[in-house]
Amino acid sequence: MTFRESIALPVLFGALAGGLGGLMGVGGGIVLVPLLLYFLHQTQHEAQGTSLAFFIVTALVAAVPYIRAESVRWDLVGVLALGAVPGVMAGAAVAKRTPAARLRLWFGLAILATALRLLLAPPAGLGGAPWALPWNVLLGLGVGAFAGLLGVGGGIILVPALVLAQGFDQHLAQGVSLALIVPIGLVGAVSYARAGHTRLHVLPALFAGGALGGWLGATFAQSLRGPVLTRIFALFSIAVAVRMIAGSRRSAPIAAPSPAGGTP
């Protein structure tokens, strides 16, 4: 058995994606999906389905330090989930037949603009003034659709929306994001798995690495001051945006599923 075929590589990939997810309050799919594509040779559909399943355990573990620090508003999580659950189902359905290049370009440009705003003038985070319920349901719908379409957690959109538009502290925004990623990952993973687009055999190793990385990343995040964490998130978002924009120029439409259905 080669190193690539062993559990070592998936554990390492899970730890990298989980550590980033815990630190930044995101799912880590923006890192995990390309790793699954290029190193484990999964199709785009399989990588996205596997990534969404990965979030279930990783985000749950990473959310614990935020919960202990009282950095999760469960009422807001519930409202966002009202939109996110149907959103991720819709996004997963559309992903089966939609080229992702143009969406990656537009989302990349939006993320870049948001990241520059965060970097140049980090908000103070004065406790938060949530939007009215219908608007947060719509926000959850957009986050869920984005997650289902691209196989990511959606935190790269949700965290800036909570920090910039609703005035929440960075830690609180990331805690809410991680809590919301759990149902997003669950619903999205089921949608992809029903179509045979999840590599089930690699999940235990990814879970093991992701749980460890997520815990360490989230714990380290609690030691950082809000403005510092905001700037780190902004720099991370710029890297994500550049990758999405560059990928939109050279990527083909989402790959067709493998004849075997993707599940060995």
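Any value given below was found using the heavy atoms of this structure, including those in side chains, with hydrogens, waters and symmetry copies removed.
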remark   = The reported gap from CD1 in I111 to CG in L116 (rounded to nearest 0.5 angstrom) is 12.0 Å
Flag, side chain of H171 to backbone of A221, donor-acceptor distance under 3.5 Å = yes
inquiry  = Once side-chain contact (heavy atoms from CB on, under 4.5 Å) is applied, do any residues pair with V202, and if so which ones, sequence neighbours excluded?
reply    = P10, L40, Q42, T50, R199, L206
ask   = Do F236 and I232 share a hydrophobic cluster, counting only Ile, Leu, Val, Met, Phe, Trp and Tyr and linking them when any side-chain heavy atoms are less than 4.5 Å apart?
value = yes
inquiry  = Test of understanding: clusters of I, L, V, M, F, W, Y form through side-chain heavy atoms closer than 4.5 Å, transitively. Do V137 and V77 belong to the same one?
reply    = no
ask   = What are the two closest non-hydrogen atoms of G210 and T58, and how far apart are they?
value = O-CG2, 3.4 Å
L80 side, atom CG; L141 side, atom CG - distance, nearest 0.5 Å = 11.0 Å
ask   = Which atoms form the tightest heavy-atom contact between G151 and S51, and what is the distance?
value = O-OG, 2.9 Å
key: Connected via hydrophobic side-chain network under 4.5 Å: L164 and I156   = yes
request  = Check whether L138 and F168 end up in the same hydrophobic cluster, where Ile, Leu, Val, Met, Phe, Trp and Tyr are linked by side-chain heavy atoms less than 4.5 Å apart.
outcome  = yes
note = So CD1 of I30 and CG of L35: to nearest 0.5 Å the spacing works out to 11.0 Å
query = Rounded to the nearest 0.5 Å, how far apart are CG of L229 and CE of M24?
reply = 5.0 Å
message = If I compare all heavy atoms of A165 with all of W131, which pair ends up nearest, and what's the gap?
response = CB-CZ2, 3.1 Å
query = Looking at CG of L32 and CG of L52, how far apart are the two atoms once the value is rounded to the nearest 0.5 Å?
reply = 10.0 Å
task = Kindly compute the distance separating CG (L118) from CD1 (I238), expressed to the nearest 0.5 Å.
result = 9.0 Å
message = I need the minimum non-hydrogen distance between V228 and L224, along with the two atoms involved.
response = CG1-CD2, 4.4 Å
ask   = Under the 3.5 angstrom rule, does the side chain of T219 hit a backbone N or O of L216 as a donor-acceptor pair?
value = no
inquiry  = Going by side-chain contact (heavy atoms from CB on, under 4.5 Å), name the residues that satisfy it together with P134, two or more places apart in sequence or in a different chain.
reply    = A132
request  = State which residues pass side-chain contact (heavy atoms from CB on, under 4.5 Å) with V159; sequence neighbours excluded, sorted by chain then number.
outcome  = V163, Q170, A173, Q174, S177, F233
ask   = Which of these passes side-chain contact (heavy atoms from CB on, under 4.5 Å) with L162: L76, D169, I157, L172?
value = L76
query = Which atoms form the tightest heavy-atom contact between A62 and G22, and what is the distance?
reply = CB-CA, 3.9 Å
ask   = Residues two or more places apart in sequence or in another chain: which of them pass ring pair (Phe, Tyr, Trp, His ring centres under 6.0 Å) with Y66?
value = none
ask   = Between P65 and Q222, which heavy-atom pair has the shortest distance, and what is it?
value = O-CD, 4.0 Å
Residues 181-192 side chain polar contacts: donor-acceptor under 3.5 Å, at least two apart:
{"unit_1": "S191", "atom_1": "OG", "unit_2": "V187", "atom_2": "O", "d": "3.0"}
{"unit_1": "Y192", "atom_1": "OH", "unit_2": "Q48", "atom_2": "NE2", "d": "2.7"}
{"unit_1": "Y192", "atom_1": "OH", "unit_2": "G148", "atom_2": "O", "d": "2.7"}

ask   = Are F220 and I67 in one and the same hydrophobic cluster, where Ile, Leu, Val, Met, Phe, Trp and Tyr link if side-chain heavy atoms are under 4.5 Å apart?
value = yes
query = With sequence neighbours left out, which residue pairs that include part of residues 13-26 fulfil the side-chain hydrogen bond (donor to acceptor under 3.5 Å, both in side chains) condition?
reply = none
